[in-house]
Amino acid sequence: MNDCATRLNERQQEAVTAKAQNMLVIAGAGSGKTNVLVNRIAYVIKTHDVSPNNILAVTFTNKAAAEMRHRVEEILNHPITGMWIGTFHSLCHRILRQHYEAANLPKQFQILDQDDQTKLIKKIHAAMNLDEERWPAKKSQSFINKNKDNGITCDQIKSKGNPNTETLITVYRNYQAQCSISGSVDFADLIMRTYHMLASNSEIRHHYQHKFNFLLVDEFQDINNIQYMWLKLLAGADEGSNSTVMAVGDDDQSIYSWRGAEIAHIMSFSKDFPNTKTIRLEQNYRSTGTILAAANAVIENNNDRLGKSLWTEGNEGSPIYIYNSINDIDEAIFIASKIKEWKLESSSNSKIAILYRSNAQSRIIEDVLNRNQIPYRVYGGLRFFDRAEIKDALGYMKLVNNTHDNAAYERIINQPTRGIGRQTLEQIRAYANAAEVSLWQATEEVLDTEELTARATTSLRKFTDLITSLKHEAETLNVAEAATLILEQSGLIDLYRKDKKDTAQAKVENLQELLNAAESFGNNDAEATLANFLAYSILDTSATKEDQSENAIDLMTLHAAKGLEYNLVFLTGLEEGLFPHKMAMIEPNNVAEERRLCYVGITRAREKLFITHASSRRMHGKTSFQSPSRFLHEIPANLRQDIVNAAQAPRYARESYGSSNSFSSGSMSRPTSSSIGPKYKLPKETNTNPNSYFLGQRVMHAKFGEGVVINYEGDTSTGRVQIKFKGQDAKWLLASYAKLQSLD
DNA sequence: CTTGCAACACTTTTT
DNA sequence: GTGTTGCAAG
């Protein structure tokens, strides 16, 4: 028995030390799946069955990839640089960079993100004179992506004479033509193009089939058609390869069908991969018996499962607490108060998460946590690389990297403004369309025709000269140096430096953060090219900054929570229409997926689980009355304990919503359904009215720190407060946005 | 050509 | 509540 597998149970051991063969591991939540994966890799390397160079591991996120590599290296005590590990997208990107010619791509091809894709489709719709109402860009977008996820090119779709389909096919075709002109590939393309390249080029295919004889796929339940085909092709069973595949997943945790994932693949694996050994991991090492019982009870309401029931040797633990709040604010206050309680009684390193169905729900929770000075960190939402100023900066870098990148060109041609307006741009677009060339090339050719006004010509020349000289200089520089030069010379950073607004200051900081990112991307590494940095910026989905304050609460969507675990979990917004989401309620299959999402949420909790639902909630600016989620009713009564709503109506109205102890006195009964009508009016915000401040008052701001109120003006909605912060100049802040915490 | 404001639509999840 | 678009004035 190998020593790296000593702490594993019998089933896990079996998976880790199995002889080389295809394997399907059905791993329930918290069953030590990652441990098995990591140990399996370490085991095959250690026993010299496989060299790291011959291993390909696919993970769901780049973060998971980094962690897995780290843990394997920890066990082996030496680096394993030769192993390929990453997401399908990043691995395909690597292959395409290597074989761009075989894949029929320009050397500097660029990745189109979702946003770029939407913009491009809108432009194509406009060019085709399609009515925006009848043809929303999203419709074409999902048509294109769905087909690509199935490996279908525009020429392979059969319209069957349906005029709607024919229009969509034309959009797809025009879209593809534009991508080819600007040398870009979208997310789905990364995989589809790699697949088609490998399928048609036997030399390269055999190279990789030979190289990777140990393939490993995590989160197998979320794999889509083209990824499955890709894997089959690479494993090469049809061509007599002796590669083996280890697929690890949990059909009950499949939550990405909207992205083309099909659970069917986990079901058909053993048919498609010969002599598959199937191993089930059902012993759970994470949660209490009560939490597992609830999870099992909920998921049992789904049909078409492989079937699996989690169990633990641990104790039952506390019941699942259910809290029916008056509204969304009340829900957040409840959570904040429970977090405070928990922090008083438990060890400081215990992890806490607040989970929600959609990102919009985080706002109020953040607000209340701020007011209670509870540190938190939000995952997802607006990524660092999605911020406008960062996208502008990346736009310049993209254009320098590949002048034919139309999306980048459109983004930055007049940012900062340089006198190139709609008129001029329209002429260039028209030329580019007619000549079927990139905007960049069109610009050069239009300039040669000398048909533009003198003014436009001067501006355009300035622009092309700028990009050309940047391109030239960037060739001899590393990524960080090139980025610095680009930011300075483009005038982008000066645009915000000159701007005196607070928001502009933050933008300068973000741009500097981008330079830091470029710096740490690596300078000596031959792989640290501008093109690779740009790809990284698109494929990396990690949170804004790794704010590693130890005791911060994690806020994230249920999707983002997959794979994580916490001592204390708050599952929020369990209301019909929100969770399950109303978009999913039309089709039973989609409700089943929502239920799996709920299962994922419940199984994140180690010790204690709170589930909250609000009787009313403000959504999209309107208040709506909410009824409890069906999933709530699926949790057996003997496992749950309802927490009585302690809010006392008269007190409530008076109290600031930052106060947290309005819950400790639990004497009031929950409002009956009839009392839903008259709402207790919660104060919107205590300190939005500057007149509630006083001169000399000490306040705390999330970003600027401690300060003193030195002036104020205006009324409740438009008021401003002037504050002198420690070590900084006095600042005027909008009372309604400053989120000031009084220290007096 | 740029700026500022008002009206407007859009809100599921993400590689 | 938020972000984008369209329009009129500078």
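In what follows, chains carry the letters A, B, and so on, assigned in the order in which the sequence lines appear, proteins first and then strands, with residues in each chain numbered from 1.
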**OP:** Between C/dT5 and B/dT12, how far apart are the C1' atoms? Round to whole Å, please.
**Re:**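 Looking at atom C1' only, B/dT12 and C/dT5 are 24 Å apart.
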* Pick the P atom in B/dT13 and in C/dT4, then give their distance to the nearest Å. => 16 Å
Does the side chain of [X] come under 3.5 Å of the side chain of [Y] through a donor N or O and an acceptor N or O?
{"X": "A/Gln253", "Y": "A/Asp222", "value": "no"}
{"X": "A/Asn225", "Y": "A/His265", "value": "yes"}
{"X": "A/Asp186", "Y": "A/Tyr175", "value": "yes"}
{"X": "A/Asp250", "Y": "A/Gln221", "value": "no"}
{"X": "A/Ser624", "Y": "A/Gln626", "value": "yes"}

message = Tell me whether the side-chain N or O atoms of A/His89 pair up with the base of B/dT15 as donor and acceptor below 3.5 Å, since no angle test is needed here.
response = yes
In numerical order, the residues of residues 408-417 of chain A whose heavy atoms come under 4.0 Å of DNA chain B are A/Asn414, A/Thr417
Mind calculating the distance between [atom1] ([X]) and [atom2] ([N]) to the nearest angstrom?
{"X": "A/Arg617", "N": "B/dT12", "atom1": "CZ", "atom2": "P", "answer": "15 Å"}
{"X": "A/Gln221", "N": "B/dT14", "atom1": "CD", "atom2": "P", "answer": "16 Å"}
{"X": "A/Asn589", "N": "B/dT13", "atom1": "CG", "atom2": "C1'", "answer": "17 Å"}
{"X": "A/Tyr379", "N": "B/dT15", "atom1": "OH", "atom2": "C1'", "answer": "18 Å"}
{"X": "A/Arg618", "N": "C/dG1", "atom1": "CZ", "atom2": "C1'", "answer": "8 Å"}
{"X": "A/Arg387", "N": "C/dG3", "atom1": "CZ", "atom2": "P", "answer": "11 Å"}
{"X": "A/Asn62", "N": "B/dT15", "atom1": "CG", "atom2": "P", "answer": "9 Å"}
{"X": "A/Lys63", "N": "B/dT14", "atom1": "NZ", "atom2": "C1'", "answer": "15 Å"}

Hits for salt bridge (Lys or Arg N to Asp or Glu O under 4.0 Å) against A/Glu451, two or more places apart or cross-chain, chain-then-number order -> none
From [options], pick the nucleotide closest to the side chain of [X]?
{"X": "A/Arg357", "options": "B/dT12, B/dT14, B/dT15", "result": "B/dT12"}
{"X": "A/Thr424", "options": "B/dT13, B/dT14, B/dC1", "result": "B/dC1"}
{"X": "A/Arg363", "options": "B/dT15, B/dT13, C/dG1", "result": "C/dG1"}
{"X": "A/Gln114", "options": "B/dC1, B/dT14, B/dT12", "result": "B/dT14"}

Look at the side-chain N and O atoms of A/Asn359 and state whether any lies under 4.0 Å from the OP1 or OP2 oxygen of B/dT14. yes
Is any side-chain nitrogen or oxygen of A/Thr557 closer than 4.0 Å to OP1 or OP2 of B/dT14?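 Yes, because at least one side-chain N or O of A/Thr557 sits under 4.0 Å from OP1 or OP2 of B/dT14.
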| Do we see A/Phe60 stacking on the base of B/dT15, given a limit of 5.5 Å between centres and 30° between planes? |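 Given the distance and angle limits, no, they do not stack.
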Anything under 30° is parallel, anything over 60° is perpendicular, the rest tilted; go ahead and classify A/His93 against A/Phe109.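 Plane angle over 60°, so perpendicular.
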For A/Phe187 and A/His581, find the nucleotide of DNA chain B closest to each by heavy atoms; which residue's nucleotide sits nearer the 5' end?
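Its nucleotide being nearer the 5' end, the pick is A/His581.
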*Tell me which of A/Ile255 and A/Ile420 sits closer to the 5' end of DNA chain B, going by the nucleotide each one is nearest to.*
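Whichever sits nearer the 5' end wins; that is A/Ile420.
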Query raised in the report: Can you name the side chain to side chain contact (heavy atoms under 4.5 Å, CB included) partners of A/Asn147, sequence neighbours left out?
Result: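 In terms of side chain to side chain contact (heavy atoms under 4.5 Å, CB included), with neighbours along the sequence ignored, A/Asn147 is linked to A/Phe143, A/Ile152, A/Ile157, A/Tyr172.
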ask   = Counting any heavy atom closer than 4.0 Å, what does A/Lys138 reach on the DNA or RNA strands: base, sugar-phosphate only, or nothing?
value =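 A/Lys138: backbone/sugar contact only, no base atoms under 4.0 Å.
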